[in-house]
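Notes for the one structure printed next.
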There are 2 protein chains.
Amino acid sequence: MTVLTGGKLKLIQAALRLITQSRSLSSLGLRELAREAGLNPNTFYRHFRNLDEFGLQVLGYIAEDMKAGVRELRRMAESSEQASHDTVAFVYHYFLTNPAATTVAVRELHGPSALLRKALESQLEASAREMAEDIIDRQLVSAVAPETIHEISRMTIRYILFRSMDYIDKPGQREVIQQETERFINRQFRGAMLDDMSEEDMATLLRSCS
Amino acid sequence: MTVLTGGKLKLIQAALRLITQSRSLSSLGLRELAREAGLNPNTFYRHFRNLDEFGLQVLGYIAEDMKAGVRELRRMAESSEQASHDTVAFVYHYFLTNPAATTVAVRELHGPSALLRKALESQLEASAREMAEDIIDRQLVSAVAPETIHEISRMTIRYILFRSMDYIDKPGQREVIQQETERFINRQFRGAMLDDMSEEDMATLLRSCS
DNA sequence: TCGTTGTGTATACATGTGTATACCGCCAAT
DNA sequence: ATTGGCGGTATACACATGTATACACAACGA
């Protein structure tokens with residue numbers, strides 16, 4: 001009956017398929033996986049010790065994809081305003097073409113498994129650091145302290161990740177989500193430029209502007 | 001064997017207990033619930049048609065709690081700066097004392113059940129609207145357009161909700177999380193005040209500030 | 001007083017689950 | 001040419017799950 005090989009890959013892809021059809025990684029069953037992959041239940045044990053290990057490997061598989069995406073992303077952005085626009089567009093486009101990976105990331109980031117949560121968090125942390133360093137290196141917002149840039153990067157990464165769920169399954173709102181995201185980022189950085197202003201300073205500033 | 005009554009409540013509370021011990025609402029089993037509640041599995045059917053209906057009722061139960069919290073919250077805040085500080089402190093404190101409700105909200109907001117997602121989203125939307133109208137009524141940030149205030153409120157509600165998970169189970173970071181949240185809000189609103197400024201305006205503004 | 005209704009229980013069944021043991025063919029290295 | 005491991009399968013077992021049917025008892029209105 002042996003037709004093709006690569007059972008391990010088949011199982012992982014089966015998981016991604018099931019997850020997009022609204023399931024959660026940690027709730028997948030061994031037999032369910034095998035069924036979806038068209039394999040015998042016990043084949044699972046040839047590749048993974050148990051379901052926890054499987055979850056981690058799926059996460060690893062996804063992390064590879066994401067890292068590739070982030071690396072591509074680094075080859076963009078010129079002016080500050082344009083940078084945020086193009087970057088946001090690119091990121092959402094990426095999420096759109098990797099719905100399974102996106103879904104599992106969002107689900108498990110706050111999911112029941114502490115192991116997966118931790119793994120995902122450090123993955124996000126790494127992405128945020130990369131983003132922040134990129135911004136600093138290119139001096140896109142030189143008026144903001146590096147530590148602050150890191151902080152905002154962390155917030156932004158999370159914000160985009162969550163919004164990407166809506167972006168994926170609400171096609172009618174994609175335009176709006178993208179614009180909101182851009183506003184989010186711009187406000188965050190511009191607000192940060194005024195971090196050490198007092199209330200009164202703000203008031204006088206506003207008066208002078210209008 | 002009949003000792004006490006209130007089986008329905010017992011089941012719901014059992015669910016909340018299980019969820020805090022790192023499970024997800026949609027992954028709870030009927031027998032598991034009954035076991036935790038100290039009841040016979042079939043008692044479940046006396047109160048709920050199936051697990052989906054159960055999930056919705058749990059959500060309703062939680063929503064009551066949350067609404068009460070929000071209403072209390074409306075009785076606070078004077079000056080803009082103080083308002084954000086006290087409000088943030090209050091909200092996190094609330095989440096801390098209702099960890100089960102918080103956890104289920106975060107988990108299911110991006111969880112596998114479309115039904116629960118929708119229910120939670122409209123719940124959050126309502127809270128965000130309330131927050132925005134409060135800000136507008138009290139003229140806390142009169143320099144920002146109402147529509148923008150609504151937008152920022154939505155973002156903030158979500159931001160706080162997600163951070164509350166870390167707030168709950170990382171006691172050492174509570175101080176930091178609270179401060180970051182305040183910065184988030186302030187930057188968002190202050191950034192919004194500069195929404196219609198061009199890049200060049202920003203540059204000249206910064207020069208005049210320093 | 002009887003019947004009804006609401007709440008909880010006991011038993012039972014089909015199905016699904018994780019896992020153990022054993023078997024089989026393929027490929028590569030000795 | 002034989003051997004051994006690797007990837008895949010088949011069968012089996014103990015247990016958990018959702019659900020159906022039937023029973024028990026208490027409260028209550030007629």
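Quick caveat: nothing in here was measured; it's all calculated off a predicted structure. Order of the sequence lines fixes the chain letters, A, B, ..., with proteins taken first and strands second; residue numbering starts at 1 for each chain.
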| message | Taking the side chain as everything from C-beta on, heavy atoms only, tell me whether B/E151 gets closer than 4.5 Å to A/F184. | response | no
From CG of B/N40 across to P of D/dA20 the rounded distance in Å is 15 Å
request  = Could you tell me whether B/E121 and A/K170 have a side-chain N and a carboxylate O separated by less than 4.0 Å?
outcome  = yes
From CG of B/L9 across to C1' of C/dG8 the rounded distance in Å is 16 Å
Separation between CD1 (B/I157) and CZ (B/R129), nearest 0.5 Å, reads 11.5 Å
So does A/V144 get a backbone contact from the side chain of A/T148, meaning a donor-acceptor N/O pair under 3.5 Å? no
When rounded to whole Å, the CZ to C1' distance for the pair A/F54 and C/dT19 reads 17 Å
Whole-Å distance, A/K8 NZ to D/dC6 P, equals 13 Å
- Message: If the cut-off is 4.0 Å, is B/H47 near the phosphate of C/dG8, judged by side-chain N/O to OP1 or OP2?
- Response: yes
In whole angstroms, the gap separating P of D/dT19 from CG of B/L33 amounts to 13 Å
From CZ of A/F48 across to C1' of D/dG7 the rounded distance in Å is 13 Å
| query | In terms of ring plane angle, is the pair A/F48 and A/F54 parallel, tilted or perpendicular, where the classes change at 30° and 60°? | reply | perpendicular
Rounded to whole Å, CG of A/L39 lies from C1' of D/dA10 at a distance of 14 Å
I'd like a table of atom pairs between the protein and nucleotides 12-18 of chain D - only N or O on both sides, under 3.5 Å - with the distance next to each one.
| from | atom 1 | to | atom 2 | distance (Å) |
| --- | --- | --- | --- | --- |
| D/dT17 | OP1 | B/R35 | NH2 | 3.4 |
| D/dT17 | OP2 | B/R35 | NH2 | 2.6 |
| D/dG18 | OP1 | B/L30 | N | 3.0 |
| D/dG18 | OP2 | B/L30 | N | 3.1 |
| D/dG18 | OP2 | B/R31 | N | 3.0 |
| D/dG18 | N7 | B/R31 | NH1 | 2.3 |
| D/dG18 | O6 | B/R31 | NH1 | 2.8 |

Atom CZ of B/R46 and atom P of D/dA26 are separated, to the nearest Å, by 16 Å
With B/T181 as partner, the option from B/Y167, B/Y159, B/Y92 fulfilling side chain to side chain donor-acceptor pair (under 3.5 Å) is B/Y92
